[in-house]
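In what follows, a single structure is set out as structure tokens and then discussed.
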Amino acid sequence: MQVYNTLTRRKEPFVPLHPPRVGIYLCGPTVYKPSHIGHMVGPVIFDVIKRYLTYCGYEVTLVINITDVDDKLIAESHRRGIPMAELAREMTEDYFHNLEALGVDTVDHFPRATEYIPAMIQYIQKLIDRGYAYVSGGDVFFDVTRLPGYGKLSNRTLEQMQGEGGEAAARKRSPHDFALWKSAKPGEPSWESPWGPGRPGWHIECSVMSQHLLGQPFDIHGGGLDLVFPHHENEIAQAEGYAGEPLARYWLHNGLMRAADETGKVGGRHTRPLGEESAEAQAAAKISKSTGAQPFRQLLERFSPEAVRLLVISTHYRSPILFSDQELHRQEERLQRFYRYFQRFEQITGQSFYQLEAPTRRTEGELDPGQSELLQHVAQLRRRFLAHMDDDFNTAGAIGVLFELLHELNRFVQQHQLETRPDPDRVEELRRATVVLRELSGVLGLFRRPVQPKAQAGDQLAQQLIQLLVDLRAQARKEKNFALADQIRDSLGQLGIRLEDRPQGTTWTIEQKKGG
RNA sequence: GGCGCCGUAGCCAAGUGGUCUAAGGCAGCGGAUUGCAAAUCCGCCAUCCCGGGUUCGAAUCCCGGCGGCGCCUCCA
């Protein structure tokens with residue numbers, strides 16, 4: 001297994017520091033506004049990474065931090081006239097709600113910055129004692145010139161930096177120094193410290209909390225590409241100044257989500273509608289009546305969480321993802337292919353796909369295909385899937401293999417006419433092959449539970465009425481009254497109820513709500 | 001200005017020195033099946049931004065263009 005390490009700018013073999021244990025720290029959100037789709041990228045990717053490492057036999061601890069004290073939180077709480085803590089609670093709840101919808105349930109700890117204030121103060125004091133930080137007018141700054149390696153993660157030198165130092169520049173020795181502790185202005189939430197009342201700077205929480213929960217150094221540190229500088233660079237500076245050894249061994253950064261109708265990343269400072277220059281993008285903007293930065297909750301009213309998960313992992317994690325309604329619809333279509341097969345499978349075997357017991361460990365999933373041509377193919381596809389995942393978590397390639405596997409299963413059903421004349425041995429072959437689909441899709445966090453029909457299937461009465469119409473139509477077809485049969489099908493189709501005449505009878509499904 | 005990433009079919013997207021006359025999906029086209037559909041199956045649908053170079057061999061490496069994107073102090 002190899003992973004791309006931002007620190008070295010190349011792929012390296014993945015070797016944990018203390019196998020089988022693996023520690024992962026991912027930078028989470030600042031909870032001052034409802035989270036948007038961009039905030040979901042990291043959690044979904046690292047959810048998959050943890051699932052895969054666990055599947056490979058590692059014991060993984062995954063930490064995502066919650067930044068609940070920060071300038072933007074203060075500004076927003078003033079604007080809304082509520083305490084910062086209340087704002088943070090509300091927005092953290094929103095964040096958790098979204099993660100749950102997406103099936104991100106592998107996170108072991110969600111440490112909050114405000115729970116670590118005393119630890120941060122101690123940490124900062126030690127940095128001062130060791131000469132890496134200095135006090136200046138109630139603020140404490142990190143002196144970047146004291147750490148020779150500063151800039152190694154983002155591959156830049158102090159000379160190359162153009163920053164002016166911001167509003168605190170006058171109190172800094174160098175404009176590139178960054179705040180460890182900020183003194184409180186009147187009306188701002190604050191904590192007592194040796195340097196007067198104030199609050200921690202942005203970066204210090206991650207160094208402190210990761211060390212507390214995972215130790216130092218730990219294995220994998222993740223985050224969005226936009227955090228490489230300054231956030232992660234500064235985390236490294238603090239941690240190395242504090243402990244004299246590296247913070248993390250592998251640095252993994254995910255690409256950013258972009259809205260098709262805007263430039264720049266979703267929710268970024270520089271987002272603006274595209275100008276006249278791009279007619280194509282303008283067309284895309286028309287299709288998408290949304291901007292990417294809309295609250296994720298709103299997006300979930302129009303698209304299934306599983307489509308969002310599929311969108312996120314259909315691109316290699318280091319690449320940017322282009323986001324639009326059209327793209328999300330496409331993912332819904334892709335999912336339907338699997339859902340239809342699950343239905344087919346259940347009709348043939350009488351068993352729900354979702355109830356199949358699949359191996360949860362890579363070594364347990366080795367197949368013995370015997371003479372079965374199907375299982376031989378499936379074993380090969382499984383190997384290709386794992387090879388993709390072993391190569392820097394190439395989920396996009398792995399999903400391609402999943403579709404090939406699906407195709408293989410459908411073909412088998414077709415070839416052996418399992419829907420009309422099921423041969424028990426063939427059905428058992430199919431079942432064993434489908435278990436592999438369950439096993440591999442589970443690694444990606446896909447198809448873990450039956451989908452909730454997006455448009456509620458209605459109450460029992462509605463279902464009975466639909467069934468009544470389907471039965472009437474069956475009668476009409478029997479009598480060759482196709483005009484009437486087609487009218488029923490078309491009319492129900494208008495209502496979003498799709499009928500399919502299959503060998504075993506007619507099935508009906510309620511189509512996904514359309515967002516466009 | 002500095003650092004870095006990217007440019008593969010109508011669209012999305014794997015592949016990064018030979019098994020690539022390039023995976024998978026969406027859309028489209030032909031056929032099987034169907035009363036007609038839907039679904040499924042079979043088949044079709046790209047020579048990899050442009051120009052040089054290295055190599056027996058390049059989508060894959062190097063150089064030069066053109067185009068897109070990110071970061072350069074608080075943004076996942």
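In what follows, every chain begins at residue 1, and chains take the letters A, B, ... in the order their sequences are listed. The basis for the numbers below is simple: all heavy atoms, side chains too, and nothing from hydrogens, waters or symmetry mates.
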Paired nucleotide for [N] [Watson-Crick or G-U wobble; both distances under 3.5 Å]:
N      : result
B:rU73 : none
B:rU21 : none
B:rG57 : none
B:rG67 : B:rC6
B:rA32 : B:rU40
B:rU47 : none

Under 4.0 Å between any heavy atoms, over every strand shown, what does [X] touch: base, sugar-phosphate, or nothing? Just pick one.
X      : value
A:R199 : nothing
A:H316 : sugar-phosphate
A:F403 : sugar-phosphate
A:G223 : sugar-phosphate
A:M40  : nothing
A:L402 : nothing
A:R477 : base
A:L256 : base

Notebook entry, point to check: In terms of ring plane angle, is the pair A:F353 and A:F342 parallel, tilted or perpendicular, where the classes change at 30° and 60°?
Noted result: parallel
Notebook entry, point to check: More 5' along RNA chain B: A:L406 or A:W202, using each one's nearest nucleotide?
Noted result: A:L406
Note to self: Using ring centroids (six-membered ring only for Trp), state whether A:H329 and A:F303 fall under 6.0 Å.
What the structure shows: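 Aromatic pair counts; centres sit under 6.0 Å.
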Next item on the list: Step through it carefully: locate the ring centre of A:Y123, locate the ring centre of A:Y116, and say whether they are under 6.0 Å apart.
Entry: no
Can you tell me the distance, in whole Å, between the [atom1] atom of [X] and the [atom2] atom of [N]?
X      : N      : atom1 : atom2 : value
A:E500 : B:rA39 : CD    : P     : 7 Å
A:M389 : B:rG15 : CE    : P     : 13 Å
A:F342 : B:rU40 : CZ    : C1'   : 16 Å

Item checked: Heavy atoms of other groups near A:E100 CD, more than 12 under 6.0 Å -> no
Next item on the list: Return no unless some side-chain N or O of A:H407 is found under 4.0 Å from OP1 or OP2 of B:rC42.
Entry: yes
Notebook entry, point to check: Side-chain N or O of A:R337 less than 4.0 angstrom from OP1 or OP2 on B:rC26?
Noted result: yes
Check: Do A:Q475 and A:E479 meet the criterion of a side-chain donor-acceptor pair at a distance under 3.5 Å?
Finding: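 Looking only at side-chain atoms, A:E479 and A:Q475 do form a donor-acceptor pair, the distance falling under 3.5 Å.
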